[in-house]
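Working notes for the structure below.
Order of the sequence lines fixes the chain letters, A, B, ..., with proteins taken first and strands second; residue numbering starts at 1 for each chain.
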2 protein chains.
Amino acid sequence: MRVPCQACPLRAQPAFHDKPDDQVAFIQAMKTDHLTFAPGDAIIRQGSRSAQLFTLFSGWAFRFKEMSDGRRQILNFLLPGDLVGFQNRMFEESPWGVEALTPVEVCVFARSRIWDLYRGYPELAYDVTWLTAHEESLVDENLLTAGRRSAAERVAMLMMHLAKRVAVLRPAVAAGAPFDIPINQSHIADALGLSLAHTNKTLKALEKRGLFRFAAGRLEMVNPKALARLADYFDQPVGQRPLI
Amino acid sequence: MRVPCQACPLRAQPAFHDKPDDQVAFIQAMKTDHLTFAPGDAIIRQGSRSAQLFTLFSGWAFRFKEMSDGRRQILNFLLPGDLVGFQNRMFEESPWGVEALTPVEVCVFARSRIWDLYRGYPELAYDVTWLTAHEESLVDENLLTAGRRSAAERVAMLMMHLAKRVAVLRPAVAAGAPFDIPINQSHIADALGLSLAHTNKTLKALEKRGLFRFAAGRLEMVNPKALARLADYFDQPVGQRPLI
DNA sequence: CGATCGCTTGATCGCTATCAAATCGTGTGG
DNA sequence: CCACACGATTTGATAGCGATCAAGCGATCG
(Lines give C-alpha, C1' and ligand atoms only; values in the text may rest on other atoms or scores of the structure.)
Protein backbone atom coordinates (compact mmCIF):
# COMPACT_ATOMS: atom_id res chain seq x y z
CA MET A 1 0.00 0.00 0.00
CA ARG A 2 2.50 2.54 -1.21
CA VAL A 3 0.40 5.67 -1.45
CA PRO A 4 -2.77 6.76 0.30
CA CYS A 5 -5.73 7.04 -2.05
CA GLN A 6 -5.81 10.75 -1.37
CA ALA A 7 -2.50 11.03 -3.19
CA CYS A 8 -3.25 8.43 -5.87
CA PRO A 9 -1.30 9.30 -9.01
CA LEU A 10 -3.87 7.52 -11.15
CA ARG A 11 -6.65 9.64 -9.74
CA ALA A 12 -4.66 12.75 -10.58
CA GLN A 13 -4.93 11.98 -14.27
CA PRO A 14 -7.37 14.06 -16.28
CA ALA A 15 -9.08 10.92 -17.53
CA PHE A 16 -10.81 10.49 -14.18
CA HIS A 17 -13.46 12.42 -12.35
CA ASP A 18 -12.48 14.45 -9.35
CA LYS A 19 -13.96 13.14 -6.15
CA PRO A 20 -14.85 14.85 -2.88
CA ASP A 21 -12.47 14.07 -0.04
CA ASP A 22 -14.95 12.05 1.97
CA GLN A 23 -15.50 9.64 -0.87
CA VAL A 24 -11.80 9.18 -1.42
CA ALA A 25 -11.38 8.67 2.31
CA PHE A 26 -14.01 5.96 2.23
CA ILE A 27 -12.29 4.27 -0.68
CA GLN A 28 -9.08 4.37 1.30
CA ALA A 29 -10.86 2.83 4.30
CA MET A 30 -12.33 0.12 2.12
CA LYS A 31 -9.00 -0.78 0.59
CA THR A 32 -7.52 -3.78 2.33
CA ASP A 33 -4.57 -4.62 0.19
CA HIS A 34 -2.25 -3.56 -2.57
CA LEU A 35 -1.14 -6.63 -4.46
CA THR A 36 1.48 -7.18 -7.11
CA PHE A 37 1.41 -9.72 -9.91
CA ALA A 38 3.93 -10.74 -12.52
CA PRO A 39 3.12 -11.12 -16.22
CA GLY A 40 1.24 -14.36 -16.77
CA ASP A 41 0.02 -14.59 -13.19
CA ALA A 42 -3.58 -15.51 -12.54
CA ILE A 43 -5.20 -12.61 -10.71
CA ILE A 44 -8.52 -14.41 -10.60
CA ARG A 45 -8.80 -18.07 -11.47
CA GLN A 46 -11.84 -19.18 -13.45
CA GLY A 47 -13.93 -21.45 -11.28
CA SER A 48 -12.41 -20.23 -8.03
CA ARG A 49 -14.46 -18.79 -5.22
CA SER A 50 -12.11 -15.98 -4.36
CA ALA A 51 -14.44 -13.10 -3.73
CA GLN A 52 -12.02 -10.64 -5.24
CA LEU A 53 -12.96 -7.07 -5.85
CA PHE A 54 -10.31 -4.74 -7.07
CA THR A 55 -9.27 -1.82 -9.21
CA LEU A 56 -6.38 -2.22 -11.58
CA PHE A 57 -3.87 0.33 -10.39
CA SER A 58 -1.10 -0.16 -12.91
CA GLY A 59 -0.29 -2.47 -15.79
CA TRP A 60 -2.41 -4.43 -18.23
CA ALA A 61 -4.44 -7.59 -17.73
CA PHE A 62 -7.27 -9.38 -19.46
CA ARG A 63 -10.48 -11.10 -18.51
CA PHE A 64 -11.19 -14.42 -20.24
CA LYS A 65 -13.22 -17.60 -20.31
CA GLU A 66 -11.82 -21.00 -21.04
CA MET A 67 -13.61 -24.13 -22.19
CA SER A 68 -12.84 -27.54 -20.78
CA ASP A 69 -10.86 -28.51 -23.89
CA GLY A 70 -8.67 -25.43 -23.61
CA ARG A 71 -10.25 -23.11 -26.13
CA ARG A 72 -10.00 -19.61 -24.73
CA GLN A 73 -11.83 -16.37 -25.39
CA ILE A 74 -10.56 -13.05 -24.11
CA LEU A 75 -13.57 -10.99 -23.05
CA ASN A 76 -11.86 -7.65 -22.65
CA PHE A 77 -8.56 -6.07 -21.78
CA LEU A 78 -8.11 -4.35 -18.44
CA LEU A 79 -6.24 -1.08 -18.14
CA PRO A 80 -5.52 1.12 -15.13
CA GLY A 81 -8.71 2.34 -13.52
CA ASP A 82 -10.79 -0.67 -14.46
CA LEU A 83 -12.85 -2.16 -11.66
CA VAL A 84 -12.98 -5.93 -11.62
CA GLY A 85 -14.83 -8.60 -9.79
CA PHE A 86 -18.16 -7.10 -9.03
CA GLN A 87 -19.68 -9.30 -11.65
CA ASN A 88 -19.55 -12.58 -9.79
CA ARG A 89 -21.81 -13.07 -6.87
CA MET A 90 -20.20 -13.40 -3.55
CA PHE A 91 -19.05 -16.92 -2.82
CA GLU A 92 -19.94 -18.23 -6.22
CA GLU A 93 -17.44 -19.65 -8.63
CA SER A 94 -16.11 -17.00 -10.91
CA PRO A 95 -17.26 -17.70 -14.46
CA TRP A 96 -14.11 -16.14 -15.86
CA GLY A 97 -10.46 -15.59 -15.06
CA VAL A 98 -8.16 -12.59 -15.04
CA GLU A 99 -4.52 -12.80 -16.05
CA ALA A 100 -1.76 -10.20 -15.87
CA LEU A 101 -0.05 -9.12 -19.08
CA THR A 102 2.55 -6.89 -17.46
CA PRO A 103 3.66 -6.40 -13.90
CA VAL A 104 0.39 -5.41 -12.31
CA GLU A 105 -0.63 -3.65 -9.15
CA VAL A 106 -4.19 -3.88 -7.89
CA CYS A 107 -6.03 -2.13 -5.10
CA VAL A 108 -8.06 -4.78 -3.30
CA PHE A 109 -11.29 -3.84 -1.59
CA ALA A 110 -13.18 -5.55 1.19
CA ARG A 111 -16.30 -7.07 -0.19
CA SER A 112 -17.72 -7.03 3.32
CA ARG A 113 -17.84 -3.26 3.14
CA ILE A 114 -19.67 -3.04 -0.16
CA TRP A 115 -22.81 -2.63 1.80
CA ASP A 116 -21.42 0.36 3.65
CA LEU A 117 -20.57 1.85 0.30
CA TYR A 118 -24.09 1.52 -1.02
CA ARG A 119 -25.60 2.78 2.19
CA GLY A 120 -23.27 5.66 2.88
CA TYR A 121 -22.01 6.77 -0.51
CA PRO A 122 -24.67 6.70 -3.19
CA GLU A 123 -22.36 8.56 -5.58
CA LEU A 124 -19.82 5.76 -5.31
CA ALA A 125 -22.57 3.21 -5.70
CA TYR A 126 -23.62 4.91 -8.89
CA ASP A 127 -20.01 4.84 -10.06
CA VAL A 128 -19.84 1.10 -9.48
CA THR A 129 -22.91 0.61 -11.63
CA TRP A 130 -21.54 2.94 -14.27
CA LEU A 131 -18.25 1.08 -14.45
CA THR A 132 -20.05 -2.23 -14.71
CA ALA A 133 -22.28 -0.94 -17.47
CA HIS A 134 -19.33 0.54 -19.27
CA GLU A 135 -17.47 -2.73 -19.21
CA GLU A 136 -20.54 -4.42 -20.59
CA SER A 137 -20.53 -2.04 -23.52
CA LEU A 138 -16.99 -3.14 -24.30
CA VAL A 139 -18.05 -6.77 -24.31
CA ASP A 140 -21.03 -5.87 -26.50
CA GLU A 141 -18.68 -4.41 -29.06
CA ASN A 142 -16.39 -7.43 -28.87
CA LEU A 143 -19.35 -9.70 -29.45
CA LEU A 144 -20.27 -7.80 -32.59
CA THR A 145 -16.66 -8.13 -33.67
CA ALA A 146 -16.40 -11.85 -33.10
CA GLY A 147 -19.84 -12.57 -34.49
CA ARG A 148 -20.00 -10.40 -37.57
CA ARG A 149 -16.68 -8.96 -38.64
CA SER A 150 -14.16 -10.57 -41.00
CA ALA A 151 -10.66 -11.34 -39.83
CA ALA A 152 -9.21 -8.12 -41.24
CA GLU A 153 -12.06 -6.08 -39.79
CA ARG A 154 -11.56 -7.72 -36.42
CA VAL A 155 -7.89 -6.85 -36.29
CA ALA A 156 -8.58 -3.28 -37.41
CA MET A 157 -11.23 -2.99 -34.72
CA LEU A 158 -8.95 -4.22 -31.97
CA MET A 159 -6.17 -1.85 -32.92
CA MET A 160 -8.52 1.11 -33.01
CA HIS A 161 -10.07 0.13 -29.74
CA LEU A 162 -6.83 -0.31 -27.86
CA ALA A 163 -5.25 2.83 -29.29
CA LYS A 164 -8.32 4.75 -28.21
CA ARG A 165 -8.20 3.37 -24.70
CA VAL A 166 -4.52 4.06 -24.29
CA ALA A 167 -4.94 7.56 -25.68
CA VAL A 168 -7.21 8.42 -22.78
CA LEU A 169 -4.36 7.81 -20.38
CA ARG A 170 -1.53 9.03 -22.60
CA PRO A 171 -2.53 11.98 -24.79
CA ALA A 172 0.46 11.66 -27.13
CA VAL A 173 -1.06 8.43 -28.41
CA ALA A 174 -4.12 10.32 -29.62
CA ALA A 175 -1.81 12.22 -31.93
CA GLY A 176 -0.46 9.01 -33.41
CA ALA A 177 2.58 8.28 -31.26
CA PRO A 178 3.60 4.64 -31.05
CA PHE A 179 2.89 3.02 -27.71
CA ASP A 180 3.69 -0.12 -25.72
CA ILE A 181 1.11 -2.82 -26.11
CA PRO A 182 1.91 -5.84 -23.97
CA ILE A 183 0.06 -8.46 -25.96
CA ASN A 184 1.29 -11.04 -28.43
CA GLN A 185 -0.38 -12.59 -31.42
CA SER A 186 -2.02 -15.38 -29.47
CA HIS A 187 -3.73 -12.80 -27.27
CA ILE A 188 -5.02 -11.11 -30.38
CA ALA A 189 -6.21 -14.46 -31.71
CA ASP A 190 -8.00 -15.27 -28.45
CA ALA A 191 -9.56 -11.83 -28.24
CA LEU A 192 -10.89 -11.96 -31.79
CA GLY A 193 -11.93 -15.58 -32.07
CA LEU A 194 -9.32 -16.36 -34.73
CA SER A 195 -6.66 -19.03 -35.00
CA LEU A 196 -3.09 -18.04 -34.27
CA ALA A 197 -1.88 -18.75 -37.78
CA HIS A 198 -4.60 -16.76 -39.43
CA THR A 199 -4.13 -13.90 -37.00
CA ASN A 200 -0.50 -13.71 -38.07
CA LYS A 201 -1.39 -13.64 -41.73
CA THR A 202 -4.04 -10.99 -41.25
CA LEU A 203 -1.68 -8.88 -39.20
CA LYS A 204 0.99 -9.06 -41.87
CA ALA A 205 -1.47 -8.22 -44.61
CA LEU A 206 -2.72 -5.11 -42.83
CA GLU A 207 0.80 -4.00 -42.06
CA LYS A 208 1.68 -4.40 -45.72
CA ARG A 209 -1.26 -2.17 -46.57
CA GLY A 210 0.31 0.47 -44.36
CA LEU A 211 -2.44 0.59 -41.76
CA PHE A 212 -0.32 0.09 -38.65
CA ARG A 213 2.96 -1.29 -37.40
CA PHE A 214 2.81 -3.92 -34.70
CA ALA A 215 6.12 -5.38 -33.56
CA ALA A 216 8.26 -5.91 -30.50
CA GLY A 217 5.46 -5.04 -28.15
CA ARG A 218 4.75 -1.69 -29.73
CA LEU A 219 1.91 -0.48 -31.86
CA GLU A 220 1.94 2.48 -34.20
CA MET A 221 -1.25 3.54 -35.88
CA VAL A 222 -0.12 4.61 -39.32
CA ASN A 223 -3.49 5.15 -40.95
CA PRO A 224 -6.22 5.30 -38.33
CA LYS A 225 -8.74 6.72 -40.79
CA ALA A 226 -8.45 3.69 -43.04
CA LEU A 227 -8.55 1.38 -40.04
CA ALA A 228 -11.73 3.01 -38.78
CA ARG A 229 -13.31 2.69 -42.20
CA LEU A 230 -12.29 -0.94 -42.50
CA ALA A 231 -13.61 -1.84 -39.07
CA ASP A 232 -16.79 0.24 -39.37
CA TYR A 233 -15.56 1.78 -36.14
CA PHE A 234 -17.74 4.34 -34.43
CA ASP A 235 -16.22 6.84 -32.15
CA GLN A 236 -18.03 7.15 -28.89
CA PRO A 237 -16.92 10.41 -27.30
CA VAL A 238 -14.93 9.60 -24.19
CA GLY A 239 -15.66 11.75 -21.20
CA GLN A 240 -14.13 11.43 -17.79
CA ARG A 241 -14.79 8.23 -15.94
CA PRO A 242 -15.16 7.46 -12.27
CA LEU A 243 -12.29 5.85 -10.42
CA ILE A 244 -12.86 3.73 -7.36
CA MET B 1 -50.43 1.22 -16.07
CA ARG B 2 -52.74 -1.67 -15.39
CA VAL B 3 -51.65 -2.91 -11.99
CA PRO B 4 -49.86 -1.18 -9.13
CA CYS B 5 -46.37 -2.54 -8.53
CA GLN B 6 -47.53 -3.77 -5.14
CA ALA B 7 -49.75 -6.25 -6.96
CA CYS B 8 -47.33 -7.03 -9.76
CA PRO B 9 -47.95 -10.57 -10.99
CA LEU B 10 -44.37 -10.84 -12.18
CA ARG B 11 -43.06 -9.99 -8.75
CA ALA B 12 -45.23 -12.71 -7.28
CA GLN B 13 -43.29 -15.35 -9.14
CA PRO B 14 -40.85 -17.42 -7.12
CA ALA B 15 -38.03 -16.50 -9.48
CA PHE B 16 -37.81 -13.06 -7.92
CA HIS B 17 -36.73 -11.80 -4.55
CA ASP B 18 -39.35 -10.55 -2.17
CA LYS B 19 -39.03 -6.86 -1.50
CA PRO B 20 -40.04 -4.74 1.48
CA ASP B 21 -43.11 -2.60 0.89
CA ASP B 22 -41.27 0.69 0.95
CA GLN B 23 -38.99 -0.37 -1.88
CA VAL B 24 -41.88 -1.53 -4.00
CA ALA B 25 -43.66 1.72 -3.26
CA PHE B 26 -40.64 3.64 -4.44
CA ILE B 27 -40.51 1.61 -7.62
CA GLN B 28 -44.16 2.41 -8.15
CA ALA B 29 -43.45 6.09 -7.63
CA MET B 30 -40.58 5.98 -10.06
CA LYS B 31 -42.63 4.30 -12.74
CA THR B 32 -43.84 6.83 -15.26
CA ASP B 33 -45.35 4.72 -17.96
CA HIS B 34 -46.50 1.30 -19.02
CA LEU B 35 -45.91 0.93 -22.74
CA THR B 36 -46.97 -1.68 -25.23
CA PHE B 37 -45.12 -2.78 -28.34
CA ALA B 38 -45.98 -5.10 -31.19
CA PRO B 39 -43.65 -7.80 -32.51
CA GLY B 40 -40.95 -6.22 -34.63
CA ASP B 41 -41.30 -2.79 -33.04
CA ALA B 42 -38.20 -0.89 -32.08
CA ILE B 43 -38.26 -0.36 -28.32
CA ILE B 44 -34.96 1.45 -28.42
CA ARG B 45 -33.41 2.58 -31.66
CA GLN B 46 -29.65 2.23 -32.05
CA GLY B 47 -28.15 5.69 -32.29
CA SER B 48 -31.12 7.42 -30.71
CA ARG B 49 -30.86 9.58 -27.64
CA SER B 50 -33.98 8.35 -25.95
CA ALA B 51 -32.95 8.08 -22.34
CA GLN B 52 -35.06 5.01 -21.86
CA LEU B 53 -34.91 2.98 -18.70
CA PHE B 54 -37.32 0.15 -18.29
CA THR B 55 -38.08 -3.31 -17.06
CA LEU B 56 -39.51 -5.83 -19.44
CA PHE B 57 -42.86 -6.71 -17.92
CA SER B 58 -44.10 -9.28 -20.39
CA GLY B 59 -43.03 -10.78 -23.69
CA TRP B 60 -39.67 -11.32 -25.34
CA ALA B 61 -37.30 -8.86 -26.95
CA PHE B 62 -33.66 -8.72 -27.91
CA ARG B 63 -30.80 -6.28 -27.69
CA PHE B 64 -28.62 -5.93 -30.78
CA LYS B 65 -26.01 -3.93 -32.62
CA GLU B 66 -26.07 -3.25 -36.32
CA MET B 67 -23.22 -2.26 -38.60
CA SER B 68 -23.61 0.37 -41.28
CA ASP B 69 -23.82 -2.26 -44.03
CA GLY B 70 -26.62 -4.07 -42.26
CA ARG B 71 -24.81 -6.91 -40.56
CA ARG B 72 -26.49 -7.49 -37.24
CA GLN B 73 -25.44 -9.13 -34.00
CA ILE B 74 -27.93 -9.99 -31.29
CA LEU B 75 -26.26 -9.33 -27.94
CA ASN B 76 -28.77 -11.05 -25.71
CA PHE B 77 -32.41 -11.92 -25.44
CA LEU B 78 -34.63 -10.08 -22.99
CA LEU B 79 -37.21 -11.90 -20.90
CA PRO B 80 -39.66 -10.62 -18.28
CA GLY B 81 -37.86 -9.07 -15.36
CA ASP B 82 -34.88 -7.86 -17.35
CA LEU B 83 -33.85 -4.28 -16.72
CA VAL B 84 -32.78 -2.40 -19.81
CA GLY B 85 -31.23 0.90 -20.62
CA PHE B 86 -29.03 1.63 -17.71
CA GLN B 87 -26.05 0.90 -19.89
CA ASN B 88 -26.12 4.01 -22.00
CA ARG B 89 -25.21 7.25 -20.41
CA MET B 90 -27.91 9.78 -20.12
CA PHE B 91 -28.32 11.80 -23.29
CA GLU B 92 -25.80 9.82 -25.25
CA GLU B 93 -26.64 7.90 -28.36
CA SER B 94 -27.54 4.36 -27.53
CA PRO B 95 -24.88 2.04 -28.93
CA TRP B 96 -27.45 -0.70 -29.42
CA GLY B 97 -31.11 -1.21 -30.19
CA VAL B 98 -33.90 -3.23 -28.63
CA GLU B 99 -36.61 -4.91 -30.68
CA ALA B 100 -39.75 -6.71 -29.58
CA LEU B 101 -40.19 -10.36 -30.55
CA THR B 102 -43.71 -10.75 -29.17
CA PRO B 103 -46.28 -8.28 -27.94
CA VAL B 104 -44.31 -6.61 -25.19
CA GLU B 105 -45.19 -4.54 -22.15
CA VAL B 106 -42.54 -2.49 -20.42
CA CYS B 107 -42.51 -0.54 -17.19
CA VAL B 108 -40.80 2.77 -17.91
CA PHE B 109 -38.94 4.55 -15.14
CA ALA B 110 -37.99 8.18 -14.78
CA ARG B 111 -34.32 8.55 -15.26
CA SER B 112 -34.52 11.80 -13.37
CA ARG B 113 -35.30 9.85 -10.23
CA ILE B 114 -32.40 7.44 -10.47
CA TRP B 115 -30.57 9.68 -8.14
CA ASP B 116 -33.30 9.43 -5.53
CA LEU B 117 -33.04 5.69 -5.86
CA TYR B 118 -29.33 5.64 -5.16
CA ARG B 119 -29.67 8.08 -2.30
CA GLY B 120 -32.72 6.68 -0.62
CA TYR B 121 -32.72 2.99 -1.44
CA PRO B 122 -29.26 1.45 -1.36
CA GLU B 123 -30.77 -2.03 -1.63
CA LEU B 124 -32.39 -1.08 -4.92
CA ALA B 125 -29.17 0.54 -6.07
CA TYR B 126 -27.37 -2.69 -5.36
CA ASP B 127 -30.03 -4.54 -7.33
CA VAL B 128 -29.46 -2.28 -10.32
CA THR B 129 -25.78 -3.06 -10.24
CA TRP B 130 -26.47 -6.74 -9.81
CA LEU B 131 -28.79 -6.83 -12.79
CA THR B 132 -26.27 -4.96 -14.90
CA ALA B 133 -23.50 -7.34 -13.90
CA HIS B 134 -25.72 -10.31 -14.53
CA GLU B 135 -26.55 -9.13 -18.02
CA GLU B 136 -22.87 -8.69 -18.66
CA SER B 137 -22.26 -12.30 -17.73
CA LEU B 138 -24.76 -13.32 -20.39
CA VAL B 139 -22.90 -11.30 -22.99
CA ASP B 140 -19.62 -12.80 -21.80
CA GLU B 141 -20.99 -16.24 -22.46
CA ASN B 142 -22.30 -15.22 -25.87
CA LEU B 143 -18.90 -13.85 -26.76
CA LEU B 144 -17.28 -17.16 -25.91
CA THR B 145 -19.90 -18.83 -28.06
CA ALA B 146 -19.42 -16.61 -31.09
CA GLY B 147 -15.66 -16.56 -30.75
CA ARG B 148 -14.77 -20.14 -29.98
CA ARG B 149 -17.63 -22.57 -30.52
CA SER B 150 -18.43 -24.41 -33.76
CA ALA B 151 -21.79 -23.95 -35.43
CA ALA B 152 -23.29 -27.06 -33.85
CA GLU B 153 -21.92 -26.10 -30.45
CA ARG B 154 -23.34 -22.62 -30.80
CA VAL B 155 -26.82 -23.86 -31.55
CA ALA B 156 -26.65 -26.35 -28.69
CA MET B 157 -25.53 -23.56 -26.39
CA LEU B 158 -28.34 -21.25 -27.37
CA MET B 159 -30.97 -23.90 -26.87
CA MET B 160 -29.64 -24.82 -23.45
CA HIS B 161 -29.38 -21.20 -22.47
CA LEU B 162 -32.89 -20.25 -23.50
CA ALA B 163 -34.48 -23.36 -22.04
CA LYS B 164 -32.72 -22.60 -18.79
CA ARG B 165 -33.93 -19.03 -18.73
CA VAL B 166 -37.49 -19.95 -19.53
CA ALA B 167 -37.45 -22.71 -16.93
CA VAL B 168 -36.87 -20.13 -14.23
CA LEU B 169 -40.20 -18.55 -15.07
CA ARG B 170 -42.06 -21.73 -16.01
CA PRO B 171 -41.05 -24.74 -13.90
CA ALA B 172 -42.60 -27.29 -16.24
CA VAL B 173 -39.93 -26.41 -18.77
CA ALA B 174 -37.24 -27.54 -16.37
CA ALA B 175 -38.80 -30.99 -16.55
CA GLY B 176 -38.53 -31.01 -20.32
CA ALA B 177 -41.89 -29.65 -21.41
CA PRO B 178 -41.95 -27.97 -24.81
CA PHE B 179 -42.30 -24.21 -24.69
CA ASP B 180 -43.01 -21.23 -26.92
CA ILE B 181 -39.90 -19.59 -28.26
CA PRO B 182 -40.73 -16.55 -30.34
CA ILE B 183 -37.62 -16.48 -32.50
CA ASN B 184 -37.01 -17.62 -36.04
CA GLN B 185 -33.92 -18.93 -37.73
CA SER B 186 -32.59 -15.55 -38.69
CA HIS B 187 -32.66 -14.51 -35.05
CA ILE B 188 -30.68 -17.59 -34.20
CA ALA B 189 -28.23 -16.78 -36.98
CA ASP B 190 -27.81 -13.20 -35.76
CA ALA B 191 -27.41 -14.29 -32.16
CA LEU B 192 -24.75 -16.86 -32.96
CA GLY B 193 -22.80 -15.10 -35.68
CA LEU B 194 -23.78 -17.60 -38.37
CA SER B 195 -25.32 -17.23 -41.81
CA LEU B 196 -28.98 -18.02 -42.18
CA ALA B 197 -28.44 -20.93 -44.53
CA HIS B 198 -25.88 -22.57 -42.33
CA THR B 199 -28.02 -22.03 -39.25
CA ASN B 200 -30.79 -23.93 -40.96
CA LYS B 201 -28.53 -26.83 -41.85
CA THR B 202 -27.07 -27.02 -38.38
CA LEU B 203 -30.51 -26.92 -36.84
CA LYS B 204 -31.70 -29.76 -39.06
CA ALA B 205 -28.61 -31.83 -38.30
CA LEU B 206 -29.06 -31.52 -34.55
CA GLU B 207 -32.75 -32.32 -34.80
CA LYS B 208 -31.90 -35.42 -36.80
CA ARG B 209 -29.54 -36.43 -34.02
CA GLY B 210 -32.50 -36.25 -31.67
CA LEU B 211 -31.21 -33.43 -29.51
CA PHE B 212 -34.22 -31.14 -29.71
CA ARG B 213 -37.25 -30.26 -31.77
CA PHE B 214 -37.58 -26.69 -32.96
CA ALA B 215 -40.56 -25.88 -35.14
CA ALA B 216 -43.57 -23.60 -35.38
CA GLY B 217 -42.28 -21.33 -32.65
CA ARG B 218 -41.88 -24.10 -30.13
CA LEU B 219 -38.81 -25.75 -28.68
CA GLU B 220 -38.64 -29.13 -27.04
CA MET B 221 -35.42 -30.24 -25.44
CA VAL B 222 -35.27 -33.92 -26.23
CA ASN B 223 -31.78 -34.69 -24.97
CA PRO B 224 -30.52 -31.87 -22.78
CA LYS B 225 -27.66 -33.97 -21.43
CA ALA B 226 -26.22 -34.47 -24.89
CA LEU B 227 -26.78 -30.81 -25.72
CA ALA B 228 -24.94 -29.73 -22.60
CA ARG B 229 -22.05 -32.04 -23.43
CA LEU B 230 -21.90 -30.80 -26.99
CA ALA B 231 -21.94 -27.15 -25.98
CA ASP B 232 -19.57 -27.59 -23.04
CA TYR B 233 -22.36 -25.96 -21.10
CA PHE B 234 -21.81 -25.20 -17.44
CA ASP B 235 -24.72 -24.89 -15.17
CA GLN B 236 -24.55 -21.86 -12.99
CA PRO B 237 -27.00 -22.39 -10.15
CA VAL B 238 -29.84 -19.91 -10.54
CA GLY B 239 -30.99 -18.31 -7.36
CA GLN B 240 -33.66 -15.67 -7.05
CA ARG B 241 -33.02 -12.40 -8.78
CA PRO B 242 -34.02 -8.88 -7.95
CA LEU B 243 -36.90 -7.27 -9.83
CA ILE B 244 -37.10 -3.55 -10.26
C1' DC C 1 23.86 -25.04 -26.01
C1' DG C 2 19.63 -27.37 -25.82
C1' DA C 3 15.16 -25.76 -24.81
C1' DT C 4 11.47 -22.89 -25.08
C1' DC C 5 8.65 -19.30 -26.82
C1' DG C 6 6.83 -16.30 -30.15
C1' DC C 7 6.63 -15.45 -34.86
C1' DT C 8 6.37 -16.74 -39.75
C1' DT C 9 5.16 -19.26 -43.77
C1' DG C 10 3.32 -22.86 -46.85
C1' DA C 11 0.15 -26.66 -48.00
C1' DT C 12 -4.08 -28.50 -47.45
C1' DC C 13 -8.62 -29.18 -45.46
C1' DG C 14 -13.14 -28.23 -44.30
C1' DC C 15 -16.46 -25.50 -42.19
C1' DT C 16 -19.32 -21.95 -43.14
C1' DA C 17 -20.63 -18.27 -46.40
C1' DT C 18 -22.71 -17.15 -50.54
C1' DC C 19 -25.78 -17.70 -54.22
C1' DA C 20 -29.78 -19.63 -56.09
C1' DA C 21 -34.06 -21.74 -56.24
C1' DA C 22 -37.85 -24.42 -54.60
C1' DT C 23 -41.32 -25.29 -51.07
C1' DC C 24 -44.62 -24.21 -47.71
C1' DG C 25 -47.87 -21.64 -44.99
C1' DT C 26 -50.37 -17.59 -44.31
C1' DG C 27 -52.78 -13.64 -45.18
C1' DT C 28 -54.90 -10.55 -48.62
C1' DG C 29 -57.56 -8.89 -52.24
C1' DG C 30 -60.28 -9.87 -56.13
C1' DC D 1 -62.74 -19.71 -53.41
C1' DC D 2 -58.77 -18.64 -55.98
C1' DA D 3 -54.62 -16.02 -57.26
C1' DC D 4 -51.06 -13.90 -55.53
C1' DA D 5 -47.57 -11.98 -52.61
C1' DC D 6 -44.74 -12.48 -48.92
C1' DG D 7 -42.02 -14.30 -45.30
C1' DA D 8 -39.89 -18.24 -43.35
C1' DT D 9 -37.83 -22.43 -44.19
C1' DT D 10 -35.36 -25.81 -46.83
C1' DT D 11 -32.04 -27.62 -49.98
C1' DG D 12 -28.29 -27.86 -53.34
C1' DA D 13 -24.09 -26.17 -55.68
C1' DT D 14 -20.08 -23.73 -55.29
C1' DA D 15 -16.61 -20.68 -53.35
C1' DG D 16 -13.60 -19.04 -50.03
C1' DC D 17 -12.18 -17.74 -45.60
C1' DG D 18 -10.01 -19.20 -41.94
C1' DA D 19 -8.58 -23.64 -39.45
C1' DT D 20 -5.39 -27.13 -39.13
C1' DC D 21 -1.07 -29.23 -39.73
C1' DA D 22 3.66 -28.88 -40.31
C1' DA D 23 8.04 -26.86 -40.46
C1' DG D 24 11.47 -23.53 -39.80
C1' DC D 25 13.40 -19.31 -37.86
C1' DG D 26 15.19 -16.14 -34.38
C1' DA D 27 15.66 -14.57 -29.82
C1' DT D 28 15.98 -15.40 -25.08
C1' DC D 29 17.16 -18.08 -21.18
C1' DG D 30 18.62 -21.39 -17.73
Q. Name the one of B:I244, B:L169, B:V168 that satisfies side-chain contact (heavy atoms from CB on, under 4.5 Å) with B:F16?
A.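 Of B:I244, B:L169, B:V168, side-chain contact (heavy atoms from CB on, under 4.5 Å) with B:F16 is met by B:L169 alone.
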
Name the nucleic acid region contacted by [X], choosing base, sugar-phosphate or nothing; use a 4.0 angstrom heavy-atom cut-off, strictly under.
X      : answer
A:G193 : sugar-phosphate
A:T202 : nothing
B:G40  : nothing

Can you check the [X] [atom1] to [N] [atom2] distance for me, whole Å?
X      : N      : atom1 : atom2 : result
B:L196 : D:dT11 : CG    : P     : 13 Å
A:R148 : C:dT16 : CZ    : P     : 13 Å
A:I188 : C:dT8  : CD1   : C1'   : 14 Å
A:H187 : C:dC5  : NE2   : P     : 13 Å
B:R218 : D:dT9  : CZ    : C1'   : 19 Å
A:L206 : D:dC17 : CG    : P     : 14 Å
A:L194 : C:dT16 : CG    : C1'   : 14 Å

Side chain of [X] - closest among [options]:
X      : options                : value
A:K201 : C:dA17, C:dA11, D:dT9  : C:dA11
A:N184 : C:dC7, D:dT11, D:dT9   : C:dC7
A:H198 : D:dG18, C:dA17, D:dT10 : D:dG18
B:A197 : D:dA19, D:dT11, C:dA17 : D:dT11
A:Q185 : C:dC7, C:dT16, D:dT20  : C:dC7
A:K204 : C:dT16, C:dT18, C:dT9  : C:dT9

Q) Can you check whether B:F64 and B:F62 have ring centres sitting under 6.0 Å from each other? A)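 Between B:F62 and B:F64, which both carry aromatic rings, the centre distance is below 6.0 Å.
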
(Q) Taking B:L194's backbone N and O only, do any of them form a donor-acceptor pair with A:R148's side chain (distance below 3.5 Å, no angle check)? (A)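 A pair under 3.5 Å: yes.
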
Q) Is there a donor-acceptor pair under 3.5 Å between the side chain of B:D232 and the backbone N or O of A:S68? A)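 Present.
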
Q.
With a cut-off of less than 4.0 Å, is there a side-chain N or O of A:N200 near OP1 or OP2 of C:dC7?
A.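 Negative; the distance criterion is not met.
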
(Q) Judged by each residue's nearest nucleotide on DNA chain C, which is more toward the 5′ side, A:F214 or B:T199? (A)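 The residue whose closest nucleotide sits nearer the 5' end is A:F214.
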
Q. If each of B:A152 and A:I183 is mapped to the nucleotide of DNA chain C with the nearest heavy atom, which maps nearer the 5' terminus, i.e. the 5' end?
A.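 In this pair, the answer is A:I183.
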
Q) Does the pair A:T36 and A:E105 meet the rule for a side chain to side chain donor-acceptor pair (under 3.5 Å), with working shown? A) CA-CA 5 Å; A:T36 303; A:E105 293 174 75; 5.1 Å; no

